[in-house]
Amino acid sequence: MQVAVAIVLRETGGAGVLRQENVEVGRPGPEELRIRQTAIGINFHDAYVRSGLYRTLALPGIPGIEAAGVIEEIGSGVAGFSIGDRIAYVTAQYGAYASHRLLPAQLAVRLPSWMDDDMAATVPLKGLTAEMLVRQVHRVRPGDVILVHAAAGGVGRLVCQWASHLGATVIGTVGSPAKAELAHAAGCAHTILYRQESFVERVREITGGQGVNAAYDSVGKDTFLGSLECLAVRGHLVNFGQSSGSVEPFQVSRLAPKSGSLTRPGIFHYVGQRALLEEMAAALFDVLAAGVLHVQAARPFPLVAAAQAHEVLESRERMTPLLLKPQE
Ligand SMILES: NC(=O)c1ccc[n+]([C@@H]2O[C@H](COP(=O)([O-])OP(=O)(O)OC[C@H]3O[C@@H](n4cnc5c(N)ncnc54)[C@H](OP(=O)(O)O)[C@@H]3O)[C@@H](O)[C@H]2O)c1
């Protein structure tokens, strides 16, 4: 029996509830792989699970939705993978905060040789989310004007890079001048310091009163209604997160004055479908290989220091991705 080192959540709460334990990992079922994990991505989703905002992990349970690793054992019904293959995954089937795990084979994506494990553990969720946003949910076209909140953030920066490459004019909101520089380097034609000035007024000025074709809003509570105001006629508000808190209920009739549309996409409904996952991953790897997307090196923490990593995750000043290393 393989014994894994894992972070086990027994109660929800502050970062201190993330504690290390030894757990047993069984043999893979017919459709499963056993993975030795080399790097584990840390995401806001994990903090929402830990705090209890998302009640999606049965306790006690191992959190974590994204990692890279090497296949150690293959279930009898799995085709298309070999022992030793390097893979990465994003999944709502928790359990990534561990040195080893079982994984349904249909969730694994084989890694290109040029991608190192640290990148493979921190890019999939944010990169596939960016793909979902600019190619699936609202297909960005040349000439579009789009608004991206938290434009210097992990997902935000990738959306800015990808959308500007697709020919959009990108307006990004950011929390500080240092972040404005990052957003500008990521392709924002205009940056707005939304803690100091009204982004609604600035968007009106920048677009000559026309508004934006799409607003990508991961901030939620603090920005949602303003994002709605920023839309052009037939504009699309894409709310995909709630970094400032959950969006309050609103009346659908508020979309009517501009024939606006609203979506609230979640990445798991996209990567859970094998053909779509393969299409999205191929598109992501292409833009990464072509240098359209530039990703920052992640700051590593040993797996045992997951609590410390979560404290850094939730500080608004953080500007780099974070990851956990099981072998350190
Ligand atoms: N729907 C999906 O499938 C999906 C997938 C991936 C991520 N997400 C969501 O997308 C969001 C962004 O994820 P990320 O990993 O790329 O994070 P991130 O953007 O790197 O970090 C969050 C940023 O939000 C901004 N923010 C605004 N108000 C905040 C507040 N009250 N507290 C903390 N931050 C605040 C901050 O940027 P400024 O200082 O510039 O304001 C902060 O840096 C998260 O809400 C995440 O859950 C959703």
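We number each residue from 1, following the sequence as shown. Remember, it's 1-based here, ligands and their atoms both numbered in the order they're listed.
- Residues Ile40 and Pro326 meet the side-chain proximity criterion, which asks for heavy atoms closer than 4.5 Å.
- Among protein heavy atoms, the minimum distance from atom 3 (O) of ligand 1 is reached at Ile267 N, 2.7 Å.
- Protein heavy atom closest to atom 27 (C) of ligand 1, with residue, atom name and distance, is Arg316 NH2, 3.4 Å.
- If you number the atoms of ligand 1 from 1 as listed, the ones under 4.0 Å from a heavy atom of Gly241 come out as 45 (O).
- The closest approach between a heavy atom of Ala152 and any atom of ligand 1 is not below 4.0 Å.
- Ligand 1 has a nitrogen or oxygen under 3.5 angstrom from a nitrogen or oxygen of Tyr194.
- Heavy atoms of Thr129 found under 4.0 angstrom from ligand 1 belong exclusively to the side chain.
- A 4.5 Å side-chain heavy-atom check between Leu133 and Phe240 finds at least one atom pair inside the cut-off.
- Taking every non-hydrogen atom of Arg264 and a distance limit under 4.0 Å, the qualifying atoms of ligand 1 come out as 1 (N).
- Here the side chains of Leu262 and Leu255 are in contact, with some heavy-atom distance below 4.5 Å.
- Under a 4.0 angstrom heavy-atom cut-off, Glu314 registers as lying outside contact with ligand 1.
- A salt bridge does not link Glu73 with Arg36: every distance from a Lys NZ or Arg NE/NH1/NH2 to an Asp or Glu carboxylate oxygen is 4.0 Å or more.
- Taking a cut-off of under 4.0 Å to the non-hydrogen atoms of Val219, the atoms of ligand 1 that pass are 27 (C), 28 (N).
- With respect to Arg50 and Glu314, a salt bridge is recorded, a charged nitrogen being found less than 4.0 Å from a carboxylate O.
- The ligand atoms of ligand 1 that sit less than 4.0 angstrom from a heavy atom of Val174 are 40 (O).
- The distance criterion of under 3.5 Å between nitrogen or oxygen atoms is met by Gly154 with respect to ligand 1.
- Heavy-atom contacts of Lys179 reach the following atoms of ligand 1: 36 (C), 37 (O), 38 (P), 39 (O), 40 (O), 43 (O) (cutoff under 4.0 Å).
- For ligand 1, the atoms closer than 4.0 angstrom to any heavy atom of Val155 are 7 (C), 16 (O).
- The N/O atoms of Phe44, backbone and side chain alike, include none that comes under 3.5 Å of an N/O atom in ligand 1.
- Every N/O-N/O distance between Leu125 and ligand 1 stays at or above 3.5 Å.
- Of all the heavy atoms of Ala151, none lies under 4.0 Å from any atom of ligand 1, so neither backbone nor side chain is involved.
- Separation of atoms CD1 (Ile7) and CG (Leu303) is listed at 4.5 Å; rounding is to 0.5 Å.
- In this structure a side-chain-to-backbone donor-acceptor pair under 3.5 Å is present from Arg139 to Arg135.
- Per-residue contacts place Arg195 under 4.0 angstrom from the following atoms of ligand 1 (heavy atoms of the residue considered): 39 (O).
- Checked by distance only, ligand 1 and Gly156 stay at 3.5 Å or farther apart across all their nitrogen or oxygen atoms.
- With sequence neighbours excluded, the residues satisfying salt bridge (charged side-chain N to carboxylate O under 4.0 Å, His left out) with Glu21 are Arg10.
- To the nearest 0.5 Å, the span separating CD on Glu201 from SG on Cys230 amounts to 10.5 Å.
- Among protein heavy atoms, the minimum distance from atom 15 (O) of ligand 1 is reached at Lys126 CE, 3.6 Å.
- In the vicinity of Tyr48, heavy-atom distances shorter than 4.0 Å reach the ligand 1 atoms 45 (O), 47 (O).
- If you check which protein heavy atom lies closest to atom 19 (O) of ligand 1, you get Gly153 CA, 3.4 Å.
- The closest protein non-hydrogen atom to atom 23 (C) of ligand 1 is Ala150 CB, 4.0 Å.
- The side-chain heavy atoms of Ile192 and His190, taken from C-beta on, include no pair separated by under 4.5 Å.
- Of all protein heavy atoms, the one lying nearest to atom 44 (C) of ligand 1 is Ser243 OG, 3.6 Å.
- With respect to atom 31 (N) of ligand 1, the closest heavy atom belonging to the protein is Ser244 CA, 3.5 Å.
- Between the side chain of Gln37 and the backbone N or O of Ala98 there is at least one donor-acceptor pair closer than 3.5 Å.
- With respect to Arg27 and Glu32, no salt bridge is recorded, no charged nitrogen being found less than 4.0 Å from a carboxylate O.
- Rounded to the nearest 0.5 Å, atoms CZ (Arg34) and CD (Glu72) are 4.5 Å apart.
- Ranking protein heavy atoms by distance to atom 4 (C) of ligand 1, first place goes to Phe240 O, 3.7 Å.
- Contact annotation for Gln242 and ligand 1: only backbone heavy atoms (N, CA, C, O) come within less than 4.0 Å of the ligand.
- Taking CG from Leu147 and CD1 from Ile171, the interatomic distance works out to 6.0 Å, rounded to the nearest 0.5 Å.
- Within the 4.5 Å cutoff, no side-chain heavy atoms of Leu33 are placed close to those of Leu102.
- Contacts with ligand 1 closer than 4.0 Å are made by no heavy atom of Phe268, backbone or side chain.
- Partners of Tyr94 under the ring pair (Phe, Tyr, Trp, His ring centres under 6.0 Å) rule, at least two apart in sequence or in another chain, are His45.
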